[in-house]
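Counting starts at 1 for both ligands and their atoms, following the listed order. Worth saying up front: this structure is predicted, and the values here are computed from it rather than measured. Heavy atoms only: backbone and side chains are in, while hydrogens, waters and symmetry mates are out.
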Amino acid sequence: MDQVVARQSLPDTPRIFGFFVDGKRMEAGERAYFERRSPGHDVPVTRIPKCTREDLDLAVKAARRAFEDGRWSRIPAVERADVLLRAAQILRSRAGELAYWETLENGKPISQARAEVDGCAGMFEYAAGLARTLHGDAFNNLGDGMFGLVTREPIGVVGLITPWNFPFLILCERVPYILAAGCTIVAKPSEVTSATTLMLAEILSEAGLPDGCYNVVTGSGSVIGQAMTEHLDIDMVSFTGSTAVGRRCVEAAGGNFKKLGLELGGKNPQIVFADADLEDAADGVAFGIGFNTGQCCVSGSRLIVERSVASEFEKLVAAKLAKVRIGDPLDPATQIGAITTTAQNRTILDYIAKGREEGARLVCGGGALDFGRGQYIAPTLFADVTGAMAIAREEIFGPVLAVMPFDSEAEAIAMANDTVYGLAASVWTKNIDKALNVTRRVRAGRFWVNTTLAGGPELPLGGFKQSGWGREAGSYGIEEYTQIKSVHIEIGKREPWVR
Ligand code: NAD
C-alpha cells in the first residue's frame, strides 16, 4: 500500500465503507450514505452509511454482551496487552494505507498523516504496558480485625465521539487506553472522516480483539452522537469536539448521569519574551499556527509578545510563514494542506474579514489560495489586535494568528488567562524563573516551554475551564476508564451489634 502513497493517485471511484458491529462489517443496504469529497482535490473519495438509532442499539447490545460475559474485561491483562501489541504491529505495517485515506478525507499533508499513524502505534504499545501495571491499593493499617482494598474495575461500555481534525490520532489517543482498562467501545467518528476509524475495526479483529469489543456506528452527530450521550446502556462517553457540542453532551448526559470525558476547544497563547531565542521561537510560533492548517484544538492562535521585540518578531514569523510549502496534500513535500470542510473554510474566511473590520493590521496572508481545485487558505497574521476583538477571543480553528504586545510578565500572564478556554499554552524565554512562573500561573492543561505541540503517549491530554473535563492518555488516561471500588474485609469475628 505504500506504493499507493508513492503514486499520489486519487481513487477512480469512491471507496464504499460499511459500519462495524460485533466483529462483522455491516453493509449500508438501504441506508442513505455520506459521500466525502477530498478537500484537497474536490473529487469523491469515500461513501459512509448514515446509520440509524436501531443500528446504534445493536452496537451497544454487542458491546454490552462482550463486556458482561468477560471475554475481554475479565481475561488476564497480559492477554489484553498481547492484542494491543499485535494491533500496533499491524498499524505500522499498514501505515501508508491508513495515512492515504486519512489524507484523502481530511486534507492534511500525507507526510504528517504518516507520522500520526506511527504515533498511534506508539499509543497502543504504551497502553499495552499500562494494562499490566494498572492496580489498586491495599490498607494494612486498619487494625487487627480489618483489611482494606481499593480495586479498579473497567467502567463498562464506552461511547467514543471524535472530530474531523485528527480522526485517527484522536481515536488512538483513546481506544488503546479504553481497551487496556477492559472496557468495550462503540465509536462514532465525524461524518466527514470515518474511514480510518472503520479500518481500525479490521485491524483490531486481526490482532485478536474478541467480537463486540470495538464497534463503529457512522452517522451524523445530531442523530447518532446525541443518541449515544442519551443512551441508558452506555456507561461513559468520551467526547472530543467543540465546546458548543460538548455543552449539548452535558445536557443530554444529565438525564442519565453517565460519566463524561470532554476534550473541547481552545484559544491557546504563545507567550514570547524578549530574551527568547527569537529565531527558534518564530519557527515554533509558525508551526503552532500552521500545523494541520490551524485546525488543531491546541494550536497557538494568540501570540502574546514582549513589546520591545514585537515588531521584529512579527516580521520573523511572517517570513517563516511565507516559506511554508502549501498545496496538494498528497505531495510528500507539502507542509500545509487543505481546509477540511467547506463550512470551516467559510468560518475561517469570515474571521479574516472580521479581523479587518475590527481594525487589526494584516501582516501576511489574508485570504484563500487558488490551486485550481480544493480549498486552501494562506496562513494569516494580524497585528495590533486588542483583547476585545473576536479574532483574539473566539476559536477560529484555522491558520489565523492574532498578535498582542505586553510590557510586563504579570500582564502577559493576565492576557494569557483572559479566555474562557484553558487547553494549552507555550512560553518562550531563556530565563528559567520566567518560564516557571508563567507555567505555574497560566491555566491550561498542556504546557510547552521553548517548544510547542510536542506530545506522546506518556503525558496526559486535557483542558482547564471550558476546554473540558478529565484527561486522556498517559496513566491518567487509563484510570479515567475505571471505577474505583473499596473493600473492607473483616478478619475473625465481627463485634456484634445485637447482644
Ligand atoms: P464538533 O463538535 O462539531 O463535532 C465533534 C463530534 O461530535 C463529531 O463526531 C460530530 O458528529 C459529533 N456531534 C455533533 N453534534 C453532536 C451532538 N448533539 N451530540 C453528540 N455528538 C455530536 O467538532 P468538529 O467540528 O468535528 O471539531 C472541531 C472542534 O473540536 C474544535 O472546537 C476543536 O477545538 C475541538 N477539538 C478538541 C480537541 C481536544 O483534545 N480538546 C481535539 C480536537 C478537536
Which part of Phe166 is near ligand 1, with near meaning a heavy atom under 4.0 Å away: side chain, backbone, both or neither? neither
Under 4.0 Å between heavy atoms, the region of Gln295 that gets near ligand 1 turns out to be neither
One thing to verify: whether Glu202 and Arg25 come together as a salt bridge, which I'm taking to mean a side-chain N less than 4.0 angstrom from a carboxylate O. no
Among Gly445, Gly225, Ser220, Ser190, closest by any non-hydrogen atom to atom 21 (N) of ligand 1: Gly225
Answer yes or no: does atom CZ of Phe34 have more than 12 heavy-atom neighbours from other residues, nucleotides or ligands under 6.0 Å? yes
Considering non-hydrogen atoms of the protein only, which is the closest contact for atom 27 (O) of ligand 1, and what is the distance? Pro163 CB, 3.4 Å
With respect to Ser467, determine whether any N or O atom, backbone or side chain, lies less than 3.5 Å from an N or O atom of ligand 1. no
Would you mind running through ligand 1 and noting each atom that sits below 4.0 Å from a heavy atom of Glu191? 10 (C), 11 (O)
Proximal candidate to atom 44 (C) of ligand 1 [heavy atom criterion; set Asn165, Thr162, Leu160]: Asn165
For Asn215 and Lys61, indicate whether the former's side chain and the latter's backbone hold a donor-acceptor pair under 3.5 Å. no
Where does Glu472 meet ligand 1, judged by heavy-atom distances below 4.0 Å: at the side chain, the backbone, both, or neither? neither
Grab the two heavy atoms, one from Tyr214 and one from Leu204, that are nearest each other, plus how far apart they are. CG-CD1, 3.6 Å
Locate the shortest heavy-atom distance separating Phe447 from Val438; write the atom from each residue and the value. CZ-O, 3.6 Å
Considering only protein heavy atoms, which is closest to atom 28 (C) of ligand 1, and at what distance to one decimal place? Phe397 CE2, 3.4 Å
So the atoms of ligand 1 within less than 4.0 Å of a heavy atom of Ile161 turn out to be 6 (C), 7 (O), 9 (O), 12 (C), 20 (C), 21 (N)
Find out whether Arg37 and Asp42 are in side-chain contact, i.e. whether some heavy atom of one side chain is under 4.5 Å from a heavy atom of the other. yes
Any heavy atom of Ile170 under 4.0 Å from ligand 1? The part involved is side chain
Under a 4.5 Å cut-off applied to non-hydrogen side-chain atoms, are Asp233 and Val157 in contact? no
Side chain to side chain, Val158 and Arg174, heavy atoms closer than 4.5 Å: no
Which atoms form the tightest heavy-atom contact between Pro189 and Thr218, and what is the distance? CG-CG2, 4.3 Å
Among Lys259, Arg152, Arg471, find the residue that satisfies the salt bridge (charged side-chain N to carboxylate O under 4.0 Å, His left out) test when tested with Glu480. Lys259
Testing the basics here: between Gln344 and Ile396, what is the closest heavy-atom pair and its distance to 0.1 Å? NE2-O, 2.9 Å
Counting each atom of ligand 1 from 1 as listed, which ones have a heavy atom of Leu423 under 4.0 Å away? 41 (N)
Kindly indicate, with the supporting measurements, whether the criterion side chain to side chain donor-acceptor pair (under 3.5 Å) is fulfilled by Glu395 and Tyr421. CA-CA 9 Å; Glu395 183 185 48; Tyr421 297 111; 4.7 Å; no
For atom 35 (C) of ligand 1, which of Gly241, Ala424, Cys297, Gly265 has the closest heavy atom? Gly241
How far is atom 34 (O) of ligand 1 from its nearest protein heavy atom, and which residue and atom is that? Glu395 OE2, 2.5 Å
Could you list the atoms of ligand 1 found under 4.0 angstrom from a heavy atom of Arg248? 18 (N)
Measuring to protein heavy atoms, does anything land under 4.0 Å from atom 15 (N) of ligand 1? yes
closest protein heavy atom to atom 13 (N) of ligand 1 is Gly221 CA, 3.3 Å
Element-labelled atoms of ligand 1 that are located less than 4.0 Å from some non-hydrogen atom of Glu263: 37 (C), 38 (C), 39 (C), 40 (O), 41 (N)
Nearest protein heavy atom with distance in Å, relative to atom 2 (O) of ligand 1: Ser242 OG, 2.7 Å
Among all protein non-hydrogen atoms, which one is nearest to atom 18 (N) of ligand 1, and what is the separation to 0.1 Å? Gln226 OE1, 3.0 Å
Parallel, tilted or perpendicular: which one describes the rings of Tyr177 and Tyr126, with boundaries at 30° and 60°? tilted
In the protein, what heavy atom is nearest to atom 25 (O) of ligand 1, and what distance, to one decimal place, separates them? Trp164 NE1, 3.0 Å
Looking only at protein heavy atoms, identify the closest one to atom 7 (O) of ligand 1 and say how far it is in Å. Phe239 CE1, 3.1 Å
So between Val237, Leu461, Thr240, whose heavy atom ends up nearest atom 5 (C) of ligand 1? Thr240
For residues 288-297, tabulate all N or O donor-acceptor pairs below 3.5 Å that involve a side-chain atom, not counting sequence neighbours.
residue: Asn292; atom: OD1; partner: Lys108; partner atom: NZ; Å: 3.2
residue: Asn292; atom: OD1; partner: Gln112; partner atom: NE2; Å: 2.9
residue: Asn292; atom: ND2; partner: Asn165; partner atom: O; Å: 3.1
residue: Asn292; atom: ND2; partner: Gln295; partner atom: O; Å: 2.9
residue: Thr293; atom: OG1; partner: Gln295; partner atom: NE2; Å: 2.7
residue: Gln295; atom: OE1; partner: Thr340; partner atom: N; Å: 3.2
residue: Gln295; atom: NE2; partner: Thr340; partner atom: OG1; Å: 3.1

